[in-house]
Amino acid sequence: MEFLALENEVVLLKPLAQEDRQGILDAGSYPEIWSHMSTAIEKMDDVNKFVDKALLTKREKTEFPFVIVDKKSEQIIGSTRFMDIDDTHKRLEIGTTWISPAFWRTAINTNCKYLLLQYCFEVLNLQRVQIKTDHENVRSQRAIERLGATKEGVLRNHMVRKDGTTRHTVMYSITLQEWPQVKKHLQQLLIDATEKLR
């Protein structure tokens, strides 16, 4: 699969690079981002581990990490990636997504997911895109459901959080057959968000 930068007038999804470390630190130094994730960014050492591991998975072609850039400020405000990439079965996962709290409850996430999903289904011609989240992360579940993804179920005792507690994982997906309707839904959400800013 071929991956590249994706953008619209609101957001740029740029392939993560070595020079993005300071921007990632600035965007990610908020404890509330990491309460439901298996990693955390508090200092530059955390950023180095995050970037080095992400770039390794990119070289191994198992993941493709992006940084999320707000077009208005031209600042890095988060990160997301394609992962669990399977060419044979034409599927992948959108995951390891985090956004700086100042941009929570804005149209940033919807813009990101629209660009990523459009690329998956219309350029890569995938059959399935999955998104998963912590069973306790209700905010994330509502955000995924708002996109139009279908809840498939819960994977019990699926992961161990950074504090050692057990996480169940809520699994969602969008299929190629569902994409036209989901696309129309996302386009309407983006229109509504634009009108609110006027």
task = State whether R21 and D26 are salt-bridged, where the test is any N-O pair (Lys NZ or Arg NE/NH1/NH2 against Asp/Glu carboxylate O) under 4.0 Å.
result = no
ask   = Do the side chains of I131 and L189 join up, straight or via other hydrophobic residues, at under 4.5 Å, putting them in one cluster?
value = yes
key: Heavy-atom closest pair, residues T80 and G95   = OG1-O, 3.6 Å
note = The reported gap from CG in N48 to CD in Q18 (rounded to nearest 0.5 angstrom) is 9.0 Å
message = side-chain contact (heavy atoms from CB on, under 4.5 Å), that's the test. Do F50 and S79 meet it? Break it down for me.
response = CA-CA 11 Å; F50 179 87; S79 182; 3.9 Å; yes
ask   = Does the side-chain contact (heavy atoms from CB on, under 4.5 Å) test come out yes or no for Q118 and V123, once each step is laid out?
value = CA-CA 7 Å; Q118 183 179 43; V123 178; over 6 Å; no
query = Should D45 and K49 count as an ion pair when the cut-off is N to O under 4.0 Å?
reply = yes
Shortest non-hydrogen contact between T166 and H135, atoms and distance = O-CE1, 4.2 Å
task = Write down the atom of L116, the atom of F82, and the distance for their closest heavy-atom approach.
result = CD2-CZ, 3.5 Å
query = When the ring planes of W179 and Y114 are compared, do they come out parallel, tilted or perpendicular, using 30° and 60° as the limits?
reply = tilted
request  = Please check if any side-chain donor atom of E63 sits under 3.5 Å from a side-chain acceptor atom of T57, or the reverse.
outcome  = yes
Salt bridge flag under 4.0 Å for residues K151 and E145 = no
message = Tell me whether S100 contacts the main-chain N or O of A27 through its side chain, where contact means a donor paired with an acceptor under 3.5 Å.
response = yes
pair M159-H168: side-chain heavy atoms closer than 4.5 Å = no
task = Please examine the side chains of R81 and K58, heavy atoms only from C-beta on, and report whether any two atoms are closer than 4.5 Å.
result = no
key: Other residues, nucleotides, ligands: >12 heavy atoms within 6.0 Å of R142 CZ   = yes
task = Please report the shortest heavy-atom distance between L126 and L176, naming the atom on each side.
result = O-CB, 3.5 Å
query = Using 4.0 Å as the upper bound for N to carboxylate O, is an ion pair formed by E152 and R128?
reply = yes
ask   = Got T169 and T133 here, is their nearest side-chain heavy-atom distance under 4.5 Å?
value = no
task = Indicate yes or no: at least one non-hydrogen side-chain atom of I76 is less than 4.5 angstrom from one of I68.
result = no
query = Are L56 and I24 grouped together when hydrophobic residues (ILVMFWY) are joined by side-chain heavy atoms under 4.5 angstrom apart?
reply = no
message = Checking one residue: M171. Which other hydrophobic residues are in its cluster under the side-chain 4.5 Å linking rule?
response = L155
remark   = Between T175 and F121, the two heavy atoms sitting closest are C-CE2, 3.7 Å
Test item: V182 and L147 side chains (from C-beta on) under 4.5 Å apart, heavy atoms = no
Pairs under 3.5 angstrom only: tabulate donor-acceptor contacts from the side chains of residues 28-43 to other protein residues two or more places apart or in another chain.
unit_1	atom_1	unit_2	atom_2	d
S29	OG	L25	O	2.5
W34	NE1	G28	O	2.8

Under 3.5 Å, which donor-acceptor pairs do the side chains of residues 3-16 form with other protein atoms, sequence neighbours left out?
unit_1	atom_1	unit_2	atom_2	d
E7	OE1	K71	NZ	2.9
N8	OD1	V10	N	2.9
N8	OD1	V11	N	2.9
N8	ND2	N111	OD1	2.8
K14	NZ	D20	OD1	3.0
K14	NZ	D20	OD2	2.9

query = Do the side chains of Y172 and T150 get nearer than 4.5 Å, heavy atoms only?
reply = no
query = Where do K113 and T97 land on the side-chain contact (heavy atoms from CB on, under 4.5 Å) test, with the steps shown first?
reply = CA-CA 10 Å; K113 292 301 192 295; T97 302; 3.8 Å; yes
request  = Answer with yes or no whether the hydrophobic clustering places V154 together with V138; edges join I, L, V, M, F, W, Y residues whose side-chain heavy atoms lie under 4.5 Å apart.
outcome  = no
request  = Please check if the side chain of Q188 supplies one atom and the backbone of H185 the other of a donor-acceptor pair under 3.5 Å.
outcome  = no
task = Keeping the roles fixed (side chain from Q141, backbone from D134), state whether a donor-acceptor pair exists under 3.5 Å.
result = yes
task = Please examine the side chains of R167 and V160, heavy atoms only from C-beta on, and report whether any two atoms are closer than 4.5 Å.
result = no
task = Decide yes or no for V69 and Q75: does some side-chain heavy atom of the first lie under 4.5 Å from some side-chain heavy atom of the second?
result = no
request  = Answer with yes or no whether the hydrophobic clustering places L55 together with M44; edges join I, L, V, M, F, W, Y residues whose side-chain heavy atoms lie under 4.5 Å apart.
outcome  = yes
message = side-chain contact (heavy atoms from CB on, under 4.5 Å) for F64 and M83? Distances and angles first, verdict last.
response = CA-CA 6 Å; F64 191 89; M83 50 198 290; over 6 Å; no
inquiry  = With a sphere of 6.0 Å drawn around NZ of K162, does it hold more than 12 non-hydrogen atoms of other residues, nucleotides or ligands?
reply    = yes
note = For A54 and P65, the nearest pair of non-hydrogen atoms, with its separation, is O-CG, 3.7 Å
query = Is the shortest distance from a Lys or Arg side-chain nitrogen in D84 or R91 to a carboxylate oxygen in the other one below 4.0 Å?
reply = no
message = I need the C112 SG to N109 CG distance, nearest 0.5 Å.
response = 6.0 Å
query = Does R146 CZ have over 12 foreign heavy atoms under 6.0 Å away?
reply = no
task = Quick one: pull up CD1 in I77 and NZ in K72 and give me the separation to the nearest 0.5 Å.
result = 12.0 Å
query = Roughly how far, to the nearest 0.5 Å, is OG1 of T96 from CZ of F66?
reply = 12.5 Å
